[in-house]
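The structure appears below as C-alpha cells.
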Amino acid sequence: MADPSKISNQRHSLAHILAYAVKDLYKDVKFGVGPVIEDGFYYDFDLKETISETDLAKIEKRMNEIIKQDFPFAREDLDIKTASGRTKKAGQPYKTELINDLAKKGTTDTKAKGGSSEGVKNVSFYTIGEFEDLCRGGHVASTGQVGAFQLNKVSGAYWRGNEKNPQMQRIYGVAFNTKEELKKHLELLEEAKKRDHRKIGQEMDLFVFSDLVGSGLPMFTPKGTILRDQLSNFSNELRERYGYQKVWIPHVTKKELYEASGHWSKFGDELFLVTSQETNDEIVMKPMNCPHHTRIYAARPRSYRDLPIRYLETTTVYRDEKSGELVGLSRVRSITQDDSHVFCRDDQIEVEINNLLLAASDLYKAVEMNLKVRLSYRDESDAYLGDQKLWQSAQSQLKKAVEANKLEFVEEEGEAAFYGPKIDFMATDAIGREHQVATVQLDFVMPERFGLVYTDTAGAERRPVMIHCALLGSVERFLSVYIEHTAGRFPIWVAPEQIRIITVNQEDQTTEFASGILEQARGLKLRAEVDNNNESVGKKIRRAELDKVPYTLVIGEKEINSNSITPRVRKDLEVAPDHTEMSVENFLKTVKNEVKSRVQKTSL
RNA sequence: GCCGACGUAGCUCAGCUGGCUAGAGCGCCGCUUUCGUAAAGCGGAGGUCGGGAGUUCAAGUCUCCCCGUCGGCUCCA
C-alpha cells in the first residue's frame, strides 16, 4: 500500500519544482503559495508576462530537467526577523507578508477563527538547487522522487482568495506516484468530458441557449422537457403520497415581501429588478419561493388540527449570478426548484423529516445513485436565531429520522443556516463524483418574521416551524448531474423517446403496419416514433443507437406476416442478450408496465 | 466581475505569417435504389466568418469596444 503522505509530499515537492522552473524561465517572479490539492498541486505567481496554456510544455520541460538533476531538498530554520529580512531582500513581498502573519497569528489562514493562536518564532526554508522557498515542509528527499505529473491549466487567482488583492497567475498540475495512476486519472477526465451534459444536451437535442435570450437562461426542447417533466413529476408524486398539495405563485413580487422576510439585503445584487410602467411598485423576480408560500398559509386562521400543512410547487426562481460563474445547466440564472414547504408543530418535525427521507431514498434509488447525508447543526456561538431548546429538539429529531432510514451520514457542528439545522444530500454518480442534490432545512425564523401562527388546544396562538425541501434540488442542476450519470442512456421511464419503429421498405403495407404500432403505443401514452426514411435498415438502426432509444422494432415482411415483433433492446437495459418474438400487444403492455414501475432493467 | 483561451454552414472542424468566387465530413433537400439489425449511390441548397467601429489598396486573418462560450478565481509557508 502506498503511504498516504508520500503522494502529498510528492505533490508539494512538485509545486517547488514548478516555482523553480518558472523562476528560471521568467524575469521578476514574485511567488505566492504552492499547496497540494486534490489530485495535484498548484503555484501562484505574480509576473509581468502572461502565461498561457501553450507555455506549459516549456515549463514542464524545465521541470523535468530539475527532476533529472535529483537535487536534495535541504531545510534551514531561521528566526522570524532573519527570515523576513531575507524575503524582503529577495524582493518577495508575498512571502514576507506570510512570514509576518506567522509571527503574529501563527497561521497564514486568512479565515482562521479567533485570535487565540500564538505567533511562531521560527520558520523554515527549503532549497533545491538554486531555488529557495519559505515552506513548512513535507517533501520527498530529492527532486528525482516526485512521481508522474502533468501541468494541466492556468488561471487567474486572487492573492489569498480575496478579490481586493492583486490577481496572480496560477499554474495547476496533476500528479500521482506512478505513470499508471496518472494515466488512469487522465482517462477519468477524458470519460467525464465524453459525458459532459453540454455535449450530450447538444447531441441529443435536449436544451438550447440563445444569445438573444441571454446567458444562463436555458430553454428546453420537446425532448428535454420530457426529462424535466418525468423527474419533477416523480419528485412531486413521492411527496403527494404524504399529503403534499400543489400550489401556484407568480414569479414576481413587490420588494416589500423580501423586506419582510429579510432577504432584501441578503440577496443584494443577485436580485433581478423589474420596472412597472403602470405603478410605482418596485418589483423583483422571485429568487426563492418560501415567502410567497407563507402568504398562502397566512391567508386564513390555522388550527393545530390543520397542521402539518404541506405545500408543493415546481417553479422557477431567478438569480443574477456573476457572469463568469455560469456553467451549462449546473449554474444558471433561471433555476427551477422542486420546492416544498411544511408548516408544522414542533412535535411533528420527526415524522415530516422521516417522510421526506423516504421520498428522497425512493427517488435516488430510481435514478440509481447512492445517497449520503450531512447533518448540519449549530455550534455554541450566538450567530443563530431561534430558541435554543427548539434547536436541540429539532436536531435530535433530524438525527433520529436519518438513523431510522439507515442513511449513511456525517454530523457537522457550525454548518447550520442561521435560521435552522439542515440535512444536505450528496449523490454519487456513475464515475464516482459526488454532487450536492437534495436538501431539507428547518426554519425557525421565517415563521417569526412573517408572524405565522396557529391556534393550539388551549386556544392560544403558537408559532409553527417551517421545513423547506427540494428533492432534486434544482431541475437544471439535477439534469446536468443526471445526464452525466447516465451518459444520456436514460431509463425507460425517463427516455424522451422510448420506442423507435424502423421500416424495412416504404411499401404501403409496411408503412401501415408501422403506423398501426405507433398508434397503439401512443394510445398507451408511450413515446414512440416511426423512422420511415428511405435509408438502409443498417443506417436507421445506427441512428436509433446513437439516439439511445431503449427499444427499436424493425418492421418488414416477416413481422407483418406473423403479426409479431422481436424487440432490439439498448445494451445497458438488457439482462440477457436473447430477445424472443412476441405479439405487438404483449410488447407494448410490458413496456407500459416497465414505465409505470420505473424499472432500471428490462425483462424483455 | 477578474485572469486566460475561444467564437468560420444546423453539428464537428480546416483555412500558414492579411491577397483569387471561404472549404471538408456529418446533417438537411432532391433523384436513383425498396433494402433485414451500427453508415447504399449520385446531385443540390446552405455562411454579410458572433456584433460594431477602426487600420489597410485589400480583413475570416491585425487593433479597440460589445455579446456569448470554455478553463479557473474554495484548497493557505
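Quick note on labels: first sequence line is chain A, next is B, and so on, each numbered from 1. As a basis for the values below, the full set of heavy atoms in this structure was taken, side chains included, without hydrogen atoms, waters or symmetry mates.
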Would you mind reading off the distance between A/N165 atom CG and B/C3 atom P, rounded to a whole angstrom?
15 Å
Which nucleotide in the set B/C73, B/A5, B/G36 lies at the smallest distance from any side-chain heavy atom of A/Y172?
B/C73
What is the base-pairing partner of B/G68, counting Watson-Crick and G-U wobble geometry with both distances under 3.5 Å?
B/C6
Would you indicate what A/T552 reaches in the nucleic acid, counting non-hydrogen atoms under 4.0 angstrom: base, sugar-phosphate, or nothing?
nothing
Give a yes/no on whether any side-chain N or O of A/T108 is located under 4.0 angstrom from OP1 or OP2 of B/C76.
no
For A/N162 and B/C3, what is the distance between atoms CG and P respectively, to the nearest whole Å?
16 Å
Salt-bridge contact A/E535-A/R543 (side-chain N to carboxylate O under 4.0 Å):
no
Determine the contact category for A/E53: base if any of its heavy atoms lies under 4.0 Å from a base atom, sugar-phosphate if only primed atoms, P, OP1 or OP2 are that close, otherwise nothing.
nothing
Separation of A/Q506 atom CD from B/U33 atom P, in whole Å?
13 Å
With a 4.0 Å limit, can you tell me whether A/R198 has a side-chain N or O closer than that to the phosphate oxygens OP1/OP2 of B/C70?
yes
Under 3.5 Å, is there a donor-acceptor pair between the side chain of A/R195 and the main chain of A/I483?
no
Side-chain H-bond candidate by donor/acceptor type, A/S13 with A/H139, under 3.5 Å:
yes
Can a side chain N or O of A/K153 be found less than 4.0 Å away from OP1 or OP2 on B/G72?
yes
Under 3.5 Å side-chain donor-acceptor pair for A/Y551 and A/E594
yes
Polar contact flag, side-chain donor to acceptor under 3.5 angstrom, A/D101-A/T108:
no
State whether A/S215 places a side-chain N or O below 4.0 Å from either non-bridging phosphate oxygen (OP1 or OP2) of B/G68.
yes
Lys/Arg-Asp/Glu bridge criterion (N-O < 4.0 Å) met for A/K121, A/D79
no
Looking only at side-chain N and O atoms, does A/K539 come under 4.0 Å of OP1 or OP2 in B/G27?
yes
Among the candidates B/C11, B/G1, B/G36, find the nucleotide nearest to the side-chain atoms of A/Y158.
B/G1
Assigned partner base of B/U74, Watson-Crick or wobble definition, under 3.5 Å
none
Heavy atoms under 4.0 Å, any strand shown: does A/Q169 hit a base, just sugar-phosphate, or nothing?
nothing
Which base sits across from B/A24 as a Watson-Crick or G-U pair, both distances under 3.5 Å?
B/U12
Is A/G556 touching bases, backbone alone, or none of the nucleic acid, heavy atoms closer than 4.0 Å?
base
When we call it a touch if two heavy atoms are under 4.0 Å apart, what does A/G324 touch: a base, just sugar-phosphate, or nothing?
base
Contact class for A/S323 (heavy atom, under 4.0 Å): base, sugar-phosphate, or nothing?
base
B/G72 OP1/OP2 closer than 4.0 Å to side-chain N/O of A/Y42:
no
For B/C29, give the paired nucleotide (Watson-Crick: N1-N3 plus N6-O4 or O6-N4; G-U: N1-O2 and O6-N3; both under 3.5 Å), or none.
B/G43
